[in-house]
Number of protein chains: 2
Amino acid sequence: MNEEDFEKIHAPIIDLQYAPGELIYRQLEKAEHIYTLRKGFIKLLLSNIDGTQRIVRVIKQGDLFGMESLTENFYHHSAIALESVELCKIPSLEIGRLSETSPRLNRQLMKKWSEVLSESQTWFAQLNTGRADVRVARFLIRFSKEVNGVFESPLFKREDLGLMMDLKFETISRSLASLADQGLIGVPTRYAVRIPSLDALEKFCS
Amino acid sequence: MNEEDFEKIHAPIIDLQYAPGELIYRQLEKAEHIYTLRKGFIKLLLSNIDGTQRIVRVIKQGDLFGMESLTENFYHHSAIALESVELCKIPSLEIGRLSETSPRLNRQLMKKWSEVLSESQTWFAQLNTGRADVRVARFLIRFSKEVNGVFESPLFKREDLGLMMDLKFETISRSLASLADQGLIGVPTRYAVRIPSLDALEKFCS
DNA sequence: CGTTGGTTTGAAAGGACTCAAGAGGGGTGG
DNA sequence: CCACCCCTCTTGAGTCCTTTCAAACCAACG
């Protein structure tokens with residue numbers, strides 16, 4: 001979506017902020033808005049009928065989420081802030097209307113769907129395969145970012161990390177400790193790790 | 001997609017058959033066709049860079065697959081026949097062209113994307129969470145079908161089942177045996193199980 | 001300075017994996 | 001049509017890894 005598209009939206013686009021842990025929308029709730037994330041991280045939590053939960057995706061800055069509001073009338077997951085976040089909320093009816101008249105917007109939406117699907121599948125294939133420390137390592141690589149010359153990765157509550165990789169939070173903690181012992185990562189603080197060498201980490205994964 | 005849409009497609013729609021184990025398309029191969037499955041089962045296999053593989057979806061009769069050919073120029077997974085299958089192969093350019101002119105077809109494609117994504121996520125959330133026998137049980141429920149009064153579920157090569165649930169094939173075998181011991185399923189043959197009571201199986205999962 | 005929520009660490013138990021051997025089934029060739 | 005072979009599935013025993021339960025630790029906050 002570009003400026004031009006945004007300008008065509010006459011309905012109110014609302015800017016919002018949420019504190020860590022706050023609920024943005026709930027699974028099965030009526031879906032009438034689509035969101036883009038301006039700042040922070042958000043988890044999409046999927047609850048099964050039997051009560052088990054899994055985090056199926058983490059939303060990063062610039063990502064679109066709640067897209068199911070375009071085609072269904074309820075949300076498929078709960079969206080919860082992992083940190084303090086800023087986002088903007090767009091009525092999906094408006095987008096739907098727009099896309100009917102603009103083939104270009106349409107193609108872009110299609111593309112988005114395909115990207116999200118692909119992302120979601122590699123996410124699972126990588127984070128749910130292999131030993132605990134390898135999963136954690138893959139997570140770190142996936143979220144790593146260069147910040148003034150050094151690579152680092154954000155971390156979240158150990159419990160949340162567990163819900164992403166199907167591990168108990170104690171195991172996450174142990175895996176991080178083990179990676180640190182081997183010198184593959186700096187000593188993890190609560191919400192970030194330093195990664196001396198991405199290559200070494202990648203080698204460790206295979 | 002309905003009859004009317006099909007009629008609008010002038011390009012050749014090819015009907016094809018594949019034997020069990022045969023490759024329909026390969027991950028990263030140039031994607032120019034979209035497929036619908038007429039008969040049988042197909043696995044979508046995703047290979048990671050480090051060589052690990054996971055089955056991210058099983059295509060059932062009537063399902064659409066290879067949809068990434070609409071928006072990307074390569075396939076995201078390898079599609080491989082699990083049994084002998086019949087499918088039909090449609091040039092994606094044709095569909096793309098059609099959808100530009102038909103808002104209805106467009107909405108339907110959108111809907112499909114959303115369904116596939118949702119399916120893919122519940123798949124993972126269910127089959128990759130909890131103990132081995134529970135995963136297997138959930139698989140059976142998911143694929144169960146009533147055939148003249150009795151519920152049954154197809155089974156695949158144990159190795160493939162393992163790739164779906166992140167378990168070794170020996171573990172799959174043991175879990176099936178254990179479920180049979182508890183009377184929750186009939187003695188598994190190679191490629192099918194009888195399920196005396198779906199309710200009992202469901203209770204077992206939670 | 002005590003409380004609280006989250007994290008780390010330890011020891012023991014349980015589950016999945018590995019390696020290995022044996023059984024079953026389908027297909028081929030004699 | 002039977003014997004054989006090969007592929008797959010099952011089963012067993014031992015090892016390794018993750019979980020469980022518990023206690024200690026830490027940082028933030030009142």
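Aromatic ring centres of F156(A) and F41(A): separated by under 6.0 Å. With ring centers used as reference points, F74(A) lies under 6.0 Å from H76(A).
Of the N and O atoms on the side chains of S144(B) and E152(B), not one donor lies less than 3.5 Å from an acceptor on the other residue. One side chain, D50(B) or T52(B), offers a donor N or O that lies under 3.5 Å from an acceptor on the other. Between the side chains of T129(B) and R54(A), a donor-acceptor pair is found at a separation under 3.5 Å. Using a 3.5 Å distance cut-off with no hydrogens or angles, the side chains of Q121(A) and S120(B) do pair a donor with an acceptor.
We find that CD of E83(A) is positioned 16 Å from P of dG6(C), with the value rounded to whole Å. Rounded to a whole Å, the NZ atom of K157(B) is 13 Å from the P atom of dT10(D). If you take CG of L176(A) and P of dT18(D), they are 13 Å apart, rounded to a whole angstrom. Residue D160(A) contributes atom CG, which lies 10 Å from atom P of dG6(C) at whole-angstrom precision. The interatomic distance linking L179(B) (CG) with dC9(D) (P) rounds to 17 Å, in whole Å. The separation between D133(A) atom CG and dT18(D) atom P is 6 Å, rounded to whole Å. Rounded to whole Å, atom C1' of dG6(C) lies 14 Å from atom CD1 of I172(A). Atom P of nucleotide dT18(D) and atom CG of N128(B) are separated by 15 Å, given to the nearest angstrom.
Of the candidates dT20(D), dG5(C), dC17(D), dT20(D) carries the atom nearest the R174(A) side chain, counting heavy atoms from C-beta on. With distances taken from any side-chain atom of L167(B) to the nucleotides dT9(C), dC9(D), dC17(C), the minimum falls on dC17(C). Nearest to the side-chain atoms of R131(B) among the listed nucleotides dT7(C), dA16(C), dC9(D) stands dA16(C). Across dG25(C), dT8(C), dT19(D), the shortest atom-to-atom separation from the side chain of K168(A) is found for dT19(D). The side chain of E170(A) approaches dT9(C) more closely than any other nucleotide in the set dC17(C), dT9(C), dT8(D). Candidate nucleotides dC9(D), dT9(C), dC17(C) were compared by shortest atom distance to the side chain of A177(A), and dT9(C) ranks first.
Residue P188(B) is the one, among P188(B) and S175(A), whose nearest nucleotide of DNA chain D lies closer to the 5' end (criterion: closest heavy atom). Where F169(A) and T189(B) each meet DNA chain D at their nearest nucleotide, the meeting point lying more 5' is that of T189(B).
Of the possible polar contacts, none joining the S92(B) side chain to the L70(B) backbone as a donor-acceptor pair under 3.5 Å is found.
The side chain of T171(B) places no N or O atom within less than 4.0 Å of a non-bridging phosphate oxygen (OP1 or OP2) of dA16(C). For the OP1/OP2 pair of dG6(C) and a distance below 4.0 Å, the side-chain nitrogens and oxygens of R158(A) include no atom meeting the criterion.
In this structure, the helix from dC1(C)-dG30(D) to dG30(C)-dC1(D) shows an angle of 30° between the axis at its start and the axis at its end, each fitted on 5 base pairs and rounded to 10°.
By the 4.0 Å N-to-carboxylate-O rule, K89(A) lies too far from D15(A) to be salt-bridged with it.
Nucleic acid contact for D166(A): sugar-phosphate only, since backbone atoms but no base atoms lie under 4.0 Å from a heavy atom of the residue.
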